[in-house]
Every structure is written in structure tokens, then in C-alpha cells.
Amino acid sequence: MSGTVWCCCSAGRPGTFVTKTLATLARGGFSDSLWVIVPHGEQTVYEMAVSGKPVHCIIREAPRGLTNQRRFFRDLMLPGTECVFIDDDIEAIKIKTPTGLVHVRNVHRLVDYVFQLMKWKGDDCLLAGVYPVANRLWMSLRVSLNNAYIPGCFYCLINDERVPEPIDDELEDYGRQLKLQAAGYPTLRINWIGVQTQYFKNPGGMQTLRTPERRKNAVTEMTMMYPTMVTRKIRKDGTPDLRFLQKPSYWQDATA
């Protein structure tokens with residue numbers, strides 16, 4: 001298999017997947033087949049949920065867990081495949097324009113542009129993502145190079161053995177990005193593309209497993225593994241999180 005392939009690793013909530021991510025992709029003119037990796041025993045339920053919907057889905061079962069499902073999908077793909085990962089609870093993908101935020105109407109052209117940026121940066125650029133939220137005041141028309149958090153809810157990667165797939169679901173997006181950066185591989189974040197989702201509020205999925213202690217331990221482990229790259233911070237809602245110690249470069253600085 002070659003070309004760009006899209007995958008959604010769904011955590012056992014077909015209703016959310018259909019009303020949010022599937023609807024978002026349909027609004028964005030998605031016309032390919034979407035691979036949907038679901039927990040063992042739930043393929044039939046998902047097949048019923050997507051029946052008659054405008055997006056064609058290829059549903060496969062894998063061991064429960066986000067990183068397990070992503071690893072399963074990547075093992076199906078040939079090395080070098082351009083992979084787009086999207087979560088099952090994305091309500092919107094928006095871009096910043098001079099007049100405000102607008103819904104993406106051509107998701108294929110959007111990710112083609114992202115992969116072109118990655119190729120322009122060099123063969124060792126294997127991961128790129130988007131701004132964590134859709135907020136026109138915070139988003140910008142710049143592209144960050146390294147040290148800018150790439151959320152795991154929507155990102156592009158080259159299926160390459162150099163791209164790690166973390167073991168633990170907690171902070172798996174940081175784990176993937178930090179290991180790449182530590183090895184000297186550049187990561188990009190396109191700040192004029194943003195996603196609308198509820199990271200810690202949607203029922204099901206990781207929320208059934210996430211505990212304050214588990215989150216705290218994951219943050220501590222990351223700061224110990226990458227002490228020169230990230231430090232601990234506390235979000236406004238009291239959730240422990242990570243913060244990059246260094247500011248990102250921007251595209252014009254990186255290519256000067």
C-alpha cells in the first residue's frame with residue numbers, strides 16, 4: 001500500500017465516532033477509505049454504526065488501548081506510508097484566515113500540504129501536527145519547529161521504524177515527539193490548523209482508565225527521561241502536564 005492512509009483508533013464509543021469524527025471528515029470532503037481500529041469484540045457494533053454513512057470505513061479489531069491500536073495499524077502499512085491519525089471525538093478541523101476561523105472543506109489537500117512541508121524540511125522529518133485547539137486568538141500563521149506540543153488527536157507521520165510507538169497511553173503524544181526530538185529528528189506544528197475536541201471530558205476511552213495518580217506518574221517519568229527538554233506544569237483545572245523548556249523556532253528561522 002502506498003500514498004496517504006487515514007486511521008482512527010476508536011476507544012469503544014461508536015456513537016461518538018459517528019457524530020463527531022465521521023461527520024467532521026464528511027464535512028471536509030473526505031473521499032478515501034478510513035481505517036478504523038477498534039477493540040476486540042466490537043467490529044460488528046461499529047459496522048452497524050457506520051452503515052450508510054458517507055465515509056467508507058475499513059474496520060479491524062486490535063487489543064484495547066490507543067498505542068496498541070496504532071501499533072497494530074502501523075504494522076499493516078508498508079514502510080514509508082504517509083499516515084494520518086485522527087481521534088474518534090474530533091468535532092471540527094478549522095483553519096485560521098484573515099477574517100477568522102473556517103471549517104476545512106478539503107482535508108486531503110490540507111494533509112497533502114502538511115506532508116509537503118515535511119518533505120521540504122528533509123527526509124528526517126517524520127512527524128507533524130496541528131495546534132491543540134481551534135482558537136483564532138491563539139493560533140498563528142507560523143509553523144513551529146520542535147518544542148511545540150503536537151497533540152495525538154490529529155497528526156501526520158511517515159511509517160518508519162525511527163518513529164517510536166509508546167507503550168503507555170498516558171502522554172503518548174509527548175512520548176512520541178520527545179523521543180524523535182531527542183534523536184535529532186525535527187518535528188513540525190502547523191499553527192494555523194486547529195482542532196476542536198474535549199481532551200479530558202469525553203466519556204469512555206482513556207477516561208475510564210485515567211487517574212490523577214497515573215497522570216502524575218507519567219508526567220514525572222517524562223521529566224526524568226527528558227530533563228533538558230520538558231518540565232512539569234499544572235493546568236488551570238489542576239491537571240499535571242508538561243511544558244517545553246525551550247521555545248520553538250519558526251519556519252523562517254529554521255530555513256534561514
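Hydrogens, waters and symmetry mates are skipped; everything else that's a heavy atom, side chains included, is used. Counting from 1, the numbers follow the sequence of the chain as shown.
- No donor-acceptor contact under 3.5 angstrom links the side chains of R142 and N191, judged on distance only.
- Of the possible polar contacts, one joining the T24 side chain to the E91 backbone as a donor-acceptor pair under 3.5 Å is found.
- Distance alone, capped at 3.5 Å, places no donor-acceptor pair between the E172 side chain and the E165 backbone.
- Note that SG of C7 and CD1 of I37 are 4.5 Å apart. Values are rounded to the nearest 0.5 Å.
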### L127/Y185 under side chain to side chain contact (heavy atoms under 4.5 Å, CB included): CA gap, chis, key distance, verdict
CA-CA 9 Å; L127 175 69; Y185 300 116; over 6 Å; no
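- At a threshold of 4.5 Å between side-chain heavy atoms, the hydrophobic network of Ile, Leu, Val, Met, Phe, Trp and Tyr places I234 and L245 in two separate groups.
- Summarising the geometry, atom OG1 belonging to T19 is positioned 10.5 Å from atom CZ belonging to R13; distances are rounded to the nearest 0.5 Å.
- For the pair C57 and L22, the minimum side-chain heavy-atom distance is below 4.5 Å.
- A heavy-atom distance below 4.5 Å is found between the side chains of E61 and V38.
- Residue R27 qualifies as enclosed at atom CZ: its count of foreign heavy atoms under 6.0 Å is above 12.
- Considering every non-hydrogen atom in both M139 and A134, the closest pair reads SD-CA, 3.9 Å.
- Residues D124 and P186 approach most closely at O-CD, 3.4 Å, considering heavy atoms.
- The cluster map of Ile, Leu, Val, Met, Phe, Trp and Tyr, joined by side-chain heavy atoms under 4.5 Å apart, puts L126 and W120 in the same cluster.
- Residues I158 and V163 share a closest heavy-atom pair of O-CG2, 3.5 Å.
- A donor-acceptor contact closer than 3.5 angstrom is absent between the side chains of N146 and Q246.
- For the atom pair M222 CE and D168 CG, the distance stands at 8.0 Å (nearest 0.5 Å).
- Cluster membership check: Y226 does not share its hydrophobic cluster with I167, using side-chain heavy-atom separations under 4.5 Å among Ile, Leu, Val, Met, Phe, Trp and Tyr.
- Y46 is linked by a ring pair (Phe, Tyr, Trp, His ring centres under 6.0 Å) to nothing, counting only residues two or more places apart in sequence or in another chain.
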### Query
Under the side-chain hydrogen bond (donor to acceptor under 3.5 Å, both in side chains) criterion, do T21 and D88 qualify, and how do the steps go?
CA-CA 5 Å; T21 296; D88 63 0; 5.7 Å; no
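- Nearest heavy atoms, A49 versus V18: O-CG2, 3.6 Å.
- Separation of the F73 and F85 ring centroids falls under the 6.0 Å cut-off.
- Residues I150 and L141 share a hydrophobic cluster, clusters being chains of Ile/Leu/Val/Met/Phe/Trp/Tyr side chains in contact below 4.5 Å.
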### Message
Quick one, V114 with V84, criterion side chain to side chain contact (heavy atoms under 4.5 Å, CB included). Give me CA distance, side-chain angles, the key distance, then yes/no.
### Response
CA-CA 10 Å; V114 174; V84 181; over 6 Å; no
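- Atom OG of S144 sits about 4.5 Å away from atom OH of Y250, to the nearest 0.5 Å.
- In this structure the side chain of T197 never reaches within 4.5 angstrom of the side chain of F154, judged on heavy atoms.
- Residues N68 and P63 share a closest heavy-atom pair of CB-O, 3.6 Å.
- Aromatic pair F244/Y149: centroids not less than 6.0 angstrom apart.
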#### Entry: Verdict with reasoning, Y174 to V219, per side chain to side chain contact (heavy atoms under 4.5 Å, CB included)
CA-CA 10 Å; Y174 266 112; V219 168; over 6 Å; no
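- Looking at heavy atoms from C-beta onward, E42 lies in side-chain contact with R64 at the 4.5 angstrom threshold.
- The side-chain heavy atoms of Q177 and R189, taken from C-beta on, include no pair separated by under 4.5 Å.
- Clustering ILVMFWY residues whenever any of their side-chain heavy atoms sit less than 4.5 angstrom apart, transitively, puts V45 in a cluster other than the one holding V36.
- Here OG1 of T187 is found 4.0 Å from CD of Q181. Values are rounded to the nearest 0.5 Å.
- Here the CG-CG distance, from D173 to L171, works out to 6.5 Å after rounding to the nearest 0.5 Å.
- The closest side-chain heavy-atom distance from I86 to C8 is below 4.5 Å.
- Contact between F17 and S10 at its shortest, heavy atoms only, is CB-OG, 4.1 Å.
- Every residue was checked against the salt bridge (charged side-chain N to carboxylate O under 4.0 Å, His left out) condition with R71, not counting sequence neighbours, and none meets it.
- A 6.0 Å sphere centred on CZ of R109 holds no more than 12 heavy atoms belonging to other residues, nucleotides or ligands.
- In summary, the side chains of N159 and T81 do not present any donor paired with an acceptor at a separation below 3.5 Å, with no hydrogens or angles considered.
- Residues R214 and N217 form no side-chain contact, since every pair of their non-hydrogen atoms from C-beta on lies 4.5 Å or further apart.
- For the pair I93 and I193, the minimum side-chain heavy-atom distance is below 4.5 Å.
- Checked against a 6.0 Å centroid threshold, the rings of Y131 and W138 do not count as neighbours.
- Here D87 does not pair with K20 in a salt bridge; the nearest charged N to carboxylate O distance is not below 4.0 Å.
- Around CG of D75, the count of heavy atoms belonging to other residues, nucleotides or ligands within 6.0 Å exceeds 12.
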